[in-house]
Amino acid sequence: MKKLKMIVASVAVLAIVGSAFAFKAKVGRFCILDIEASGTNCTTYTLANQKITTGAGLEWKYYPTFDGNPTTCTAANNGLCTATFKLTTD
């Protein structure tokens, strides 16, 4: 019976931790440059409450392999924003 309680408790803890990570992933971080700006130098690294869309939305240039490091994203003359996508409010 103790083992069963331990397993149930472990599953509950994993479910809570997993849902916390899922929520953070939904917020998302993007390294971007407004599509209306010229060049490929990214200028900002986060947009709260935004998600990628294929429908209507604002189009941005973005850094496809952004690892979350804001210093890399905003470095002068970085030339990293080479792809485009559309974002809309989540």
Would one find more than 12 heavy atoms of other residues, nucleotides or ligands at under 6.0 Å from atom CG of D67?
yes
With sequence neighbours left out, what residues match T84 under side-chain contact (heavy atoms from CB on, under 4.5 Å)?
I35, E59, K61
How about K51 and L87: do any of their side-chain heavy atoms sit closer than 4.5 Å?
no
Find out if the SG atoms belonging to C42 and C31 lie under 2.5 Å from one another.
no
With T82 via side-chain contact (heavy atoms from CB on, under 4.5 Å) - residues at least two apart
P64
Hey, could you give me the SG/OH distance between C73 and Y63, rounded to the nearest 0.5 Å?
9.0 Å
With rounding to the nearest 0.5 Å, note down the distance linking CH2 in W60 to CD1 in I52.
13.0 Å
Name all residues meeting the side chain to side chain donor-acceptor pair (under 3.5 Å) criterion together with T72; count only those two or more places apart in sequence or in a different chain, and write none if there are none.
N69
List for me each residue that meets ring pair (Phe, Tyr, Trp, His ring centres under 6.0 Å) alongside F85, sequence neighbours excluded, and say none if there are none.
F30, Y62
Measure the CG-SG distance between N41 and C81 for me, rounded to the nearest 0.5 Å.
8.0 Å
Taking the side chain as everything from C-beta on, heavy atoms only, tell me whether T40 gets closer than 4.5 Å to L33.
no
